[in-house]
Amino acid sequence: MLATLPTVSASEKASLEQALRSSVWRASDLAVSRATTMQSGYCDLDKELPNGGWPRSALVELLVQQHGIGEMQLLKPMLAALSQQQRVALIQPPYLPHLMTCRAWQLNERNILWLKPQSSSDALWCTEQFLKNACFGIVILWQSNTRPEALRRLNLAAQSTDTWLWLVRPLAAAADASPSPLRIALRPALGGISADIIKRRGPHSESPIYIPLADMPVHQLGVDQNEAPIHRVHTASIARVSTPALV
Amino acid sequence: MVSQEAACAGVRLGMRNGGVLAVAPDTGILEREVPKEEMALDAIATALMQYTPEITLQADHSLLMDVSASLTLFRGVRALCAHVVRSIESLGFTAHLGVAPTAEGAWLLARSLRVKGQPYRRRVLSTNSLHGRLNLLPCHLMPAAIPYRDWLIDIGARRLEALRKLPRAGLLRRTSKDLVAALDRAYGESPEIFEWINPPLHFSARVETFDRVEHAEALLHGATRLILQLVGWLAALRQSVRVFTLYLEHERGRAAMPPMELEVALAEPVWHEEHLIRLLKERLGKIELQRPVIALRLDAVKIEAMLPPNESLFPEPGGSPADYARAIELVTARIGPENILTPAQLDDYRPEVCNAWVPVAFKPARTLQIEALEGRPFWLLAKPIKLLLRDERPFYVSSLKILEGPERLEAGWWSDDTVARDYYVAQAADNTCYWIYRERVPDAPWYLHGMYA
């Protein structure tokens with residue numbers, strides 16, 4: 001039996017491997033499924049996400065060390081692309097969304113809706129209604145304490161619609177179990193953001209990914225190299241790129 | 001009417017009160033209230049108008065519905081029957097349902113009782129099987145035959161089959177014309193003519209709660225019954241409702257209060273039961289009752305002609321505008337209109353003024369594209385936080401390092417809230433970037449105003 005193997009020519013072997021690749025999943029590969037995804041706009045992140053982008057119809061958790069570290073810029077390419085045609089709901093954000101920035105990011109502000117329910121149960125209820133209704137392209141929900149059954153319910157509601165759903169939670173929730181198929185911990189980084197994928201379909205992610213964000217103030221300074229102190233900042237950001245694990 | 005338990009204890013129809021109490025002392029005897037029965041029947045008829053406009057009241061608390069035109073719409077007899085039974089159940093009543101090609105036949109089937117050793121069917125579709133079913137029914141089911149019951153039993157005509165075999169002329173002479181006519185109608189041998197109920201032009205329905213209700217959520221059951229009637233009425237008139245009012249009536253007496261009004265205005269006129277009930281549920285969940293409620297009344301204030309949905313060949317990914325309006329309405333009912341905000345366009349340089357959000361119900365006037373300034377943070381603080389100074393540097397969690405600035409904003413001099421600030425971008429030790437400012441006065445403190453999210 002084994003003796004027949006060497007007779008297979010190299011080209012045949014290559015074509016065999018090609019055929020197998022689509023039907024056999026290796027544990028070292030990222031999971032590939034029929035789930036619809038959309039490119040996040042950041043190549044480094046796309047490489048690490050299953051199917052190469054943000055998944056639709058799934059609960060995606062962003063666990064932030066604190067609010068305002070670049071989490072919205074991470075979603076900016078998606079928001080800018082989808083808000084042209086579809087509606088975007090921001091439910092219970094921690095601060096006021098700044099319209100000037102929305103304009104500068106070329107979001108279609110007519111499609112943006114900001115909900116500020118008084119209680120977190122109201123916020124979860126509103127999210128579920130919007131998911132059921134399927135009128136929204138993107139729903140982003142901010143919550144600090146979420147019970148596991150609420151997460152399960154959100155995940156189920158998300159699976160039944162064609163909506164992109166993000167849940168932004170504090171980093172402390174990373175230790176808790178969650179039904180979400182994709183969980184990303186976000187920490188601030190110089191001129192960008194450091195993303196640590198703590199749960200995904202596929203192998204465990206080894207180290208945090210550094211994602212440079214164009215709109216982070218540091219980066220803008222880095223382009224301008226006329227002054228000495230600014231130049232120093234620029235080199236620091238380069239150094240950060242090469243050593244993401246230190247972040 | 002005698003309940004099963006009472007019948008077991010020996011209570012029979014036609015007994016006097018004293019006799020009943022002698023046989024079964026624990027029996028509860030209820031007075032019959034004819035006006036309430038009529039109201040209930042009217043309510044059921046109104047609610048059932050959503051299935052067919054041809055509906056009429058019949059003797060012995062029956063309703064006749066001509067559903068021949070509705071069968072395709074509701075996908076068959078079986079599904080339609082299930083719909084009708086469910087509607088009647090949600091009104092809080094039970095019904096016996098009979099289906100037959102003739103109205104009289106359906107009525108007889110609905111009144112028929114289960115007999116041992118005989119197939120029991122109340123739904124027949126063909127004339128042949130109707131004849132087979134009717135042949136087995138006892139004669140006394142027909143009200144016109146009751147006066148001749150003993151005579152019919154004596155001559156051996158217990159069932160309708162035997163009654164029909166009797167010579168027609170003799171039957172006409174010995175019994176009444178009504179009996180023969182009813183027999184003909186039931187078997188489909190003579191046409192049936194009915195006067196269908198005309199729905200009133202204004203809708204107002206009232207329902208009494210079973211008890212004094214002190215929690216608004218508990219009113220939903222009664223409100224559902226009213227909504228069902230409203231939906232039936234709307235369907236009969238081919239109308240849809242835009243504004244309706246629910247009155248919560250309080251107890252009369254010394255501390256009488258005017259009924260509490262709950263006006264529900266809809267963004268789009270609707271005639272669907274689920275949406276109205278869900279909307280009312282959210283509204284009822286929010287109100288607090290001052291006093292117990294004893295009755296509910298529902299008035300349709302504003303109605304419009306029902307517009308058929310404009311369907312497109314390929315469904316849009318974002319859902320239809322009507323779906324969106326419905327979602328917004330539902331959420332508004334729960335969290336209040338002031339908490340659903342949409343951007344308004346205001347031309348101003350002050351961040352707190354220019355970042356204007358208005359309730360979604362209030363549609364902002366569309367102005368020209370306003371210039372977008374780069375380098376602003378995504379999050380703004382509702383109220384700027386005053387920062388401490390440490391080593392001559394602003395301090396927030398850690399000491400802040402100024403990266404950019406100043407950007408000078410000066411506006412609002414034409415009103416009282418003049419703003420003259422220098423904005424800087426600052427970075428904390430953990431690389432988080434903040435938008436901070438300083439008033440342009442000597443020794444002014446630093447304020448945190450935004451975060452680069």
Side-chain angles (χ1 to χ4, degrees), chain A residues 64-73 76 85-87 93-106 109-110 112-119 122-123 125-126 129-130 132-137 162 187-194 213 215-218 220-221 230 233 240 247, chain B residues 278 282 316-321 323-328 330-331 334-336 338-346 349 351-352 354-357 360 364 366 369-382 397 401 403-404 425-428 430-435 450-453:
Chain A
V64 292
Q65 185 179 312
Q66 67 179 82
H67 295 292
I69 55 169
E71 69 272 18
M72 294 308 288
Q73 286 182 57
K76 177 185 141 189
Q85 296 293 329
Q86 298 181 35
R87 295 187 182 84
Y95 304 107
L96 320 184
H98 197 179
L99 283 175
M100 192 66 90
T101 317
C102 293
R103 257 167 239 151
W105 288 5
Q106 284 163 10
E109 56 188 280
R110 258 180 272 145
I112 299 176
L113 210 61
W114 169 23
L115 265 71
K116 38 178 194 180
Q118 300 302 315
S119 67
D122 277 355
W125 180 85
C126 292
Q129 294 305 319
F130 282 171
K132 269 189 200 158
N133 194 276
C135 282
F136 287 83
D162 293 348
R187 292 183 183 84
L190 194 61
I193 194 165
S194 151
L213 297 172
D215 283 343
M216 267 309 192
V218 182
Q220 290 169 0
L221 276 185
I230 297 164
V233 170
R240 184 68 68 188
V247 174
Chain B
R278 278 167 75 194
E282 297 306 328
E316 286 174 44
S320 67
D323 280 343
Y324 173 68
R326 226 171 285 146
I328 294 300
L330 191 64
V331 170
R334 171 132 171 184
I335 68 172
E338 70 282 0
N339 287 326
I340 306 183
L341 304 170
T342 180
Q345 299 185 332
L346 271 183
Y349 283 107
E352 58 269 32
C354 126
N355 193 33
W357 294 78
V360 74
R366 205 161 289 166
Q369 191 66 39
I370 301 172
E371 61 168 330
L373 297 171
E374 298 275 343
R376 296 291 165 90
F378 192 84
W379 291 139
L380 268 196
L381 269 64
V397 187
K401 184 173 71 180
L403 293 179
E404 250 182 72
V425 179
Q427 192 179 36
D430 64 349
N431 295 322
T432 318
C433 294
Y434 298 105
W435 203 39
M451 293 169 180
Y452 285 87

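Chain letters run A, B, ... following the sequence lines, proteins first and then strands; every chain starts at 1. Computation of the quantities below employed the complete heavy-atom set of this structure, encompassing side-chain atoms and omitting hydrogens, waters and symmetry-equivalent molecules.
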- Task: Kindly indicate whether the side chain of A:Met72, heavy atoms from C-beta on, has any atom under 4.5 Å from the side chain of B:Trp379.
- Result: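 Yes - at least one pair of side-chain heavy atoms lies under 4.5 Å apart.
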Side chain to side chain, B:Leu330 and A:Asn133, heavy atoms closer than 4.5 Å:
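They are not in side-chain contact.
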At their closest point, which heavy atom of [X] faces which heavy atom of [Y], and how far apart are they?
X        : Y        : value
A:Gly68  : B:Met451 : CA-CB, 3.9 Å
B:Thr432 : A:Gln66  : CG2-NE2, 3.9 Å
B:Ala453 : A:Trp105 : O-CH2, 3.7 Å
B:Leu380 : A:Tyr95  : O-CB, 3.3 Å
A:Leu99  : B:Ala344 : CD1-O, 3.7 Å
B:Tyr452 : A:Met216 : O-CE, 3.6 Å

query: In Å, rounded to the nearest 0.5 Å, how long is the span from OH of B:Tyr324 to CG of A:Leu113?
result: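 Answer rounded to 0.5 Å: 4.5 Å.
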Within a reach of under 6.0 Å around CD of B:Glu338, are more than 12 heavy atoms found that belong to other residues, nucleotides or ligands?
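Counting other residues, nucleotides and ligands, CD of B:Glu338 exceeds 12 neighbours.
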Taking every non-hydrogen pair under 4.5 Å, which of [options] racks up the most with chain B?
options                               : answer
A:Leu96, A:Ile193, A:Ile112           : A:Leu96
A:His67, A:Gln129, A:Gln118, A:His98  : A:His98
A:Ala104, A:Cys102, A:Pro97, A:Ser119 : A:Pro97

Under 4.5 Å from a heavy atom of chain B, the part of [X] involved:
X        : result
A:Gln106 : neither
A:Gln65  : side chain
A:Gln73  : both

ask   = Excluding sequence neighbours, so at least two apart, what forms ring pair (Phe, Tyr, Trp, His ring centres under 6.0 Å) with A:Trp114?
value =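 Only B:Trp357 meet the ring pair (Phe, Tyr, Trp, His ring centres under 6.0 Å) criterion with A:Trp114.
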Task: Derivation of the side chain to side chain contact (heavy atoms under 4.5 Å, CB included) call for A:Leu190 and B:Gln427 - done: CA-CA 9 Å; A:Leu190 194 61; B:Gln427 192 179 36; 2.8 Å; yes
As an exercise: rank B:Ala382, B:Ala356, B:Pro377 by heavy-atom pairs under 4.5 Å with chain A and give me the winner.
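Among B:Ala382, B:Ala356, B:Pro377, the one with the most close pairs to chain A is B:Pro377.
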Inset, instruction - Check each of B:Val331, B:Ile335, B:Asn339 against A:Pro117 using the side-chain contact (heavy atoms from CB on, under 4.5 Å) test, and report the only one that passes. - result: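 So the option named by the test is B:Ile335.
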- For B:Ala428, is it the side chain, the backbone, both, or neither that has a heavy atom closer than 4.5 Å to a heavy atom of chain A?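 Contact with chain A: none, neither part.
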For B:Arg334, all residues meeting salt bridge (Lys or Arg N to Asp or Glu O under 4.0 Å), sequence neighbours excluded: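 With sequence neighbours excluded, B:Arg334 shows a salt bridge (Lys or Arg N to Asp or Glu O under 4.0 Å) to A:Asp122, B:Glu282, given in chain and number order.
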